[in-house]
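Input: a single structure, listed below in structure tokens.
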Amino acid sequence: MKNSEDRRARRSRKLLKESLLTLMKRKSFSEISVRDVTDEADMNRGTFYLHYSGTADLLQNLEEDLLNEMQVLIDTHIPETMEEGTVRPVLEPVLDFILDRRETCEILFRSSEASGFIQTLQQFIRRNGEPLIETWFHPQDQALTDYFLSFLTWGFIGLLKEWFDQGMSVPREELIAAAQRAADGAASYFFLKEKVSKKNFLTRRETVREGGACSDRRKETRL
């Protein structure tokens with residue numbers, strides 16, 4: 001009996017979330033009432049209040065479900081990502097997940113002013129990114145780490161939103177490559193600056209030395 005009730009409860013919650021998303025395609029979240037949701041779901045308000053305290057609670061639960069599913073996916077692929085030193089192993093399945101739920105993600109982006117979804121997503125990405133930064137770069141300066149994570153998290157969200165807005169005209173592989181280049185470039189600046197500067201200095205010194213050798217050889221030829 002209990003399993004049957006659990007199944008009914010899951011079906012009711014699923015139907016209410018789907019009804020809310022359907023309504024959010026037509027009007028802003030602030031205009032949607034509990035009655036609107038229950039009418040769309042063909043469900044009475046008493047059943048709604050068995051599961052949620054209001055439309056804001058329903059929307060928050062919908063967002064949490066999405067991020068929880070994404071977290072399971074990230075947890076599966078994060079060991080490979082840490083080992084390979086590139087975001088590709090985790091970014092590819094996450095992008096596929098987002099594509100499968102593109103409509104939901106686009107609706108949540110549009111309604112972010114009401115729920116703060118973009119800010120929640122930013123914190124979600126940051127929380128998952130911090131262990132990678134610690135493993136790959138062992139940063140000593142927390143301020144630089146904060147700047148780097150802010151750059152990456154907001155940059156990825158902007159990249160994703162622009163991709164949706166432009167009808168995903170850029171191939172998925174190019175988007176992943178662009179995200180990787182942005183991450184590599186930012187990491188070089190924030191964490192490897194001294195190493196890069198030293199490397200560039202050594203390269204310039206070798207060039208000067210080689211140039212001097214060429215000059216000496218030209219002098220010998222003239223003699």
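Side-chain N or O atoms of W154 include none that pairs as donor or acceptor with a backbone N or O of Q122 at under 3.5 Å. Side-chain N or O atoms of D36 include none that pairs as donor or acceptor with a backbone N or O of I32 at under 3.5 Å. Between the Q180 side chain and the V87 main chain, a donor and an acceptor come within less than 3.5 Å of each other.
Annotation: side chain of L20 is not in contact with side chain of E40 (no heavy-atom distance under 4.5 Å).
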Let me have the donor-acceptor pairs involving side chains of residues 136-144, under 3.5 Å, with sequence neighbours excluded, atom names and distances please.
residue	atom	partner	partner atom	Å
W136	NE1	M82	O	3.1
H138	ND1	E134	O	3.1
H138	NE2	T135	O	3.4
Q140	NE2	H138	O	3.1
D141	OD1	A143	N	2.9
D141	OD1	L144	N	3.4
Q142	NE2	D146	OD1	2.9

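More than 12 heavy atoms of other residues, nucleotides or ligands shown are found within 6.0 angstrom of OH on Y49. With a 6.0 Å radius and a threshold of 12 heavy atoms from other residues, nucleotides or ligands, E103 has its CD atom at or below the threshold. Applying the 6.0 Å contact sphere to CG of D42 captures no more than 12 heavy atoms from other residues, nucleotides or ligands. Residue R26 places its CZ atom among more than 12 non-hydrogen atoms of other residues, nucleotides or ligands, all under 6.0 Å distant.
There is no path of hydrophobic side-chain contacts, each under 4.5 Å, that joins L58 to L50.
Taken from OG1 in T153 to CD1 in I118, the straight-line distance is 12.0 Å, to the nearest 0.5 Å. Atom CG of D57 and atom CG of L62 lie 11.5 Å apart (nearest 0.5 Å). A distance of 10.0 Å separates CG in D100 from SG in C105, rounded to the nearest 0.5 Å. Atom OG1 in T104 sits 11.0 Å away from atom NZ in K17 (nearest 0.5 Å).
With sequence neighbours excluded, the residues satisfying side-chain hydrogen bond (donor to acceptor under 3.5 Å, both in side chains) with S28 are S30, E31.
Residues Q60 and E64 bring a donor and an acceptor atom of their side chains to less than 3.5 Å of each other.
The pair R126-E130 meets the salt-bridge criterion, with a side-chain N (NZ, NE, NH1 or NH2) lying under 4.0 Å from an Asp/Glu carboxylate O. Remark: E80 does not engage R88 in a salt bridge, criterion side-chain N to carboxylate O under 4.0 Å.
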